[in-house]
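Some notes on the structure that comes next.
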Amino acid sequence: MAEKASKSILVIHGPNLNLLGFREPHHYGTLSLNNINESLKEIAQKADVKIETYQSNSESDIIEKLHSLTANGVDFIIINPAAFTHTSVAIRDAISAIKVPFVEVHLSNVYSREPFRHHSYFSDIAVGVISGLGADGYLFALDFAIRSMRNRQQTH
Ligand code: DQA
């Protein structure tokens with residue numbers, strides 16, 4: 001099958017990440033979500049990759065967003081499910097259903113925090129997990145996504 005000319009990535013930010021910069025900076029840093037999204041867009045543009053960033057505080061909206069990808073496919077997802085990481089079988093099932101590879105990102109090191117943050121409903125079905133590297137974690141995930149999409153393109 002012919003490959004699409006330009007690859008596309010969706011970045012999903014879960015609940016309370018709209019408060020980045022203001023929210024518990026000792027855990028989540030001082031950059032705003034907008035700062036992070038702008039850096040991601042700049043890198044994607046240089047790599048000629050389409051990127052959409054999406055934030056929602058609502059579990060059902062995130063599920064609907066994932067369902068919408070069955071019609072408007074993306075090639076890779078970067079997701080920080082935030083608190084839904086530890087609670088949402090429903091978002092896990094949605095991301096599993098659409099069969100798009102994804103990297104799970106957390107700004108903080110969830111393993112150095114409360115025990116309830118040590119379990120993720122996503123990690124075992126993710127391509128990989130980045131936790132504790134702050135906002136750079138998103139940039140590393142994007143770099144990985146770009147490389148892996150290129151590798152897939154070469155091998156198909
Ligand atoms: C988080 C970690 C979660 O435990 C927490 O609920 C968040 C953010 C992180 O990026 O470190 O909201 O996903």
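Remember, it's 1-based here, ligands and their atoms both numbered in the order they're listed. Computed from a prediction, not measured in an experiment: that's the story for all the values here. What's counted below: heavy atoms across the whole structure, side chains too, no hydrogens, waters or symmetry copies.
Remark: the Glu59 side chain and the Asn57 side chain contain no N/O donor-acceptor pair separated by less than 3.5 Å. In this model, no donor atom of one side chain and acceptor atom of the other lie less than 3.5 Å apart for Thr85 and Glu104. Side chains of Tyr138 and Asn37: a donor-acceptor N/O pair is absent below 3.5 angstrom, by distance only.
Evaluation of the salt bridge (charged side-chain N to carboxylate O under 4.0 Å, His left out) rule for Glu52 yields Lys65 as partners, not counting sequence neighbours.
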Give the intermediate values and the outcome of side-chain hydrogen bond (donor to acceptor under 3.5 Å, both in side chains) for residues Asn35 and Ser32.
CA-CA 5 Å; Asn35 293 149; Ser32 68; 3.1 Å; yes

Under a 3.5 Å threshold, I'd like every N/O contact between ligand 1 and protein atoms, with atom names and distance.
{"unit_1": "ligand 1", "atom_1": "4 (O)", "unit_2": "His86", "atom_2": "NE2", "d": "2.7"}
{"unit_1": "ligand 1", "atom_1": "4 (O)", "unit_2": "Arg117", "atom_2": "NH1", "d": "2.8"}
{"unit_1": "ligand 1", "atom_1": "6 (O)", "unit_2": "Ala83", "atom_2": "N", "d": "3.3"}
{"unit_1": "ligand 1", "atom_1": "6 (O)", "unit_2": "Arg117", "atom_2": "NH1", "d": "3.0"}
{"unit_1": "ligand 1", "atom_1": "10 (O)", "unit_2": "Asn80", "atom_2": "ND2", "d": "2.8"}
{"unit_1": "ligand 1", "atom_1": "10 (O)", "unit_2": "Leu107", "atom_2": "N", "d": "2.8"}
{"unit_1": "ligand 1", "atom_1": "11 (O)", "unit_2": "Leu107", "atom_2": "N", "d": "3.3"}
{"unit_1": "ligand 1", "atom_1": "11 (O)", "unit_2": "Ser108", "atom_2": "N", "d": "2.9"}
{"unit_1": "ligand 1", "atom_1": "11 (O)", "unit_2": "Ser108", "atom_2": "OG", "d": "2.6"}
{"unit_1": "ligand 1", "atom_1": "12 (O)", "unit_2": "Arg23", "atom_2": "NH1", "d": "3.2"}
{"unit_1": "ligand 1", "atom_1": "12 (O)", "unit_2": "Arg23", "atom_2": "NH2", "d": "3.0"}
{"unit_1": "ligand 1", "atom_1": "13 (O)", "unit_2": "Asn80", "atom_2": "OD1", "d": "2.8"}
{"unit_1": "ligand 1", "atom_1": "13 (O)", "unit_2": "His106", "atom_2": "ND1", "d": "2.8"}

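Taking every heavy atom of both residues into account, Val103 and Ala141 meet most closely at CG1-CB, 3.9 Å.
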